[in-house]
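First comes the structure, then the notes that go with it.
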Amino acid sequence: MANDSGRPELVLFDLGGVLCRFEPDLRAAELATAIGVTEEDIHALVFASGFDQECDLGLHSEAAILERFRAFGFPGNRDDLRRAWAKAFLPDRAVIDLAIALRSEGVAVATFSDNGPVLLAAIERVVTPLAIDEHVFSCMIGATKPDPAAFLSALKFLNARPQQTFFVDDNPINVLSARQLGIRGEQVHAAADVESALRSVGLLRAH
């Protein structure tokens, strides 16, 4: 069960669906155009094949991923692949402003995302460094949400305690997993939900 033990010291934000709108069709279209195939082909080659899940688990380096895409026919370089990958993540300015406000109040802010090394390398294209102290991606820790090992590894990486951490995610299964570890968490779908959730645990006092 969640432990309501005072004002959180750390807020963990999911990336796609919270800090950003997740629009995977934009990424698929960008990659398909570059390679000269259909979006359905991209889905089959990258996502339905399980390759993307392997990337999320850190089983492929960014260089290896680029080589795989070149084998598919991708003509670009590392920066081109990063730009294409980041297309799926559209920053939600209102939520990012909330993260910046938290940092201004001395609260640590981190992302906690199931994503691979290409997006990690491109993250400043997606989220301004002004909003985030640390990024924790599944490819860094070898586990994805809702696996309890992913949460525990993230907390270890951030040197954080469950009882002083607050987690926001759009997936209720992930929130439940966090709560079972003593991490306070709320499911959110929009900036207004995020603000309400943060205020419910004593954050954003100055705003």
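Source: prediction; values computed, not measured. If you read the sequence from its start, that first residue is 1, and numbering goes on from there.
Judged by distance alone, with hydrogens and angles left aside, the side-chain atoms of S177 form no donor-acceptor pair with the main-chain N or O of I173 at under 3.5 Å. With hydrogens and angles ignored, the 3.5 Å screen pairs a side-chain donor or acceptor of D193 with a backbone N or O of A190. Panel note: side chain E186, backbone V168; no donor-acceptor pair is recorded below 3.5 Å. Looking only at distances, a side-chain donor or acceptor of R184 sits under 3.5 Å from a matching main-chain atom of Q163.
Checked for salt-bridge contact, R82 and E124 miss the test: no charged N lies under 4.0 Å from a carboxylate O. Looking at R21 and D92, no side-chain N of the basic residue comes within less than 4.0 Å of a carboxylate O on the acidic one, giving no salt bridge. Between E39 and R27 there is no salt bridge, since none of the side-chain N atoms of the basic residue sits less than 4.0 Å from a carboxylate O of the acidic one. Classification of R83 and D79 as a salt-bridged pair fails, no side-chain N sitting under 4.0 Å from a carboxylate O.
You'll find the side chain of L15 reaches within 4.5 Å of the side chain of C20, heavy atoms only. At least one side-chain heavy atom of F13 sits less than 4.5 Å from a side-chain heavy atom of L102. Contact annotation: the side chain of Q164 never approaches that of P8 to less than 4.5 Å [non-hydrogen atoms, C-beta and beyond].
To the nearest 0.5 angstrom, F112 atom CZ is 9.0 Å from D14 atom CG.
Ring planes of F47 and H43: parallel class, angle under 30° (limits at 30 and 60°). The aromatic rings of F51 and F72 stand perpendicular to each other, their planes meeting at an angle above 60°, with 30° marking the opposite boundary.
Here the closest heavy-atom approach between residue I132 and residue A110 is recorded as CG2-CA, 4.2 Å. Residues F89 and W85 share a closest heavy-atom pair of CD1-O, 4.0 Å. Nearest heavy-atom pair across N115 and S113 is ND2-OG, 2.8 Å. Here the closest heavy-atom approach between residue P117 and residue C55 is recorded as CD-O, 3.6 Å. Contact between A64 and H60 at its shortest, heavy atoms only, is CB-CB, 4.4 Å. Of all the heavy atoms in L204 and A101, the pair that sits closest is CD2-CB, 3.9 Å.
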Query - side-chain hydrogen bond (donor to acceptor under 3.5 Å, both in side chains) evaluation trace for D41 with T38 - result: CA-CA 5 Å; D41 290 331; T38 67; 3.0 Å; yes
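Annotation for N77: atom CG counts as buried by contact number, over 12 foreign heavy atoms lying within 6.0 Å. Shown here is K87, whose NZ atom has no more than 12 heavy atoms of other residues, nucleotides or ligands within 6.0 Å.
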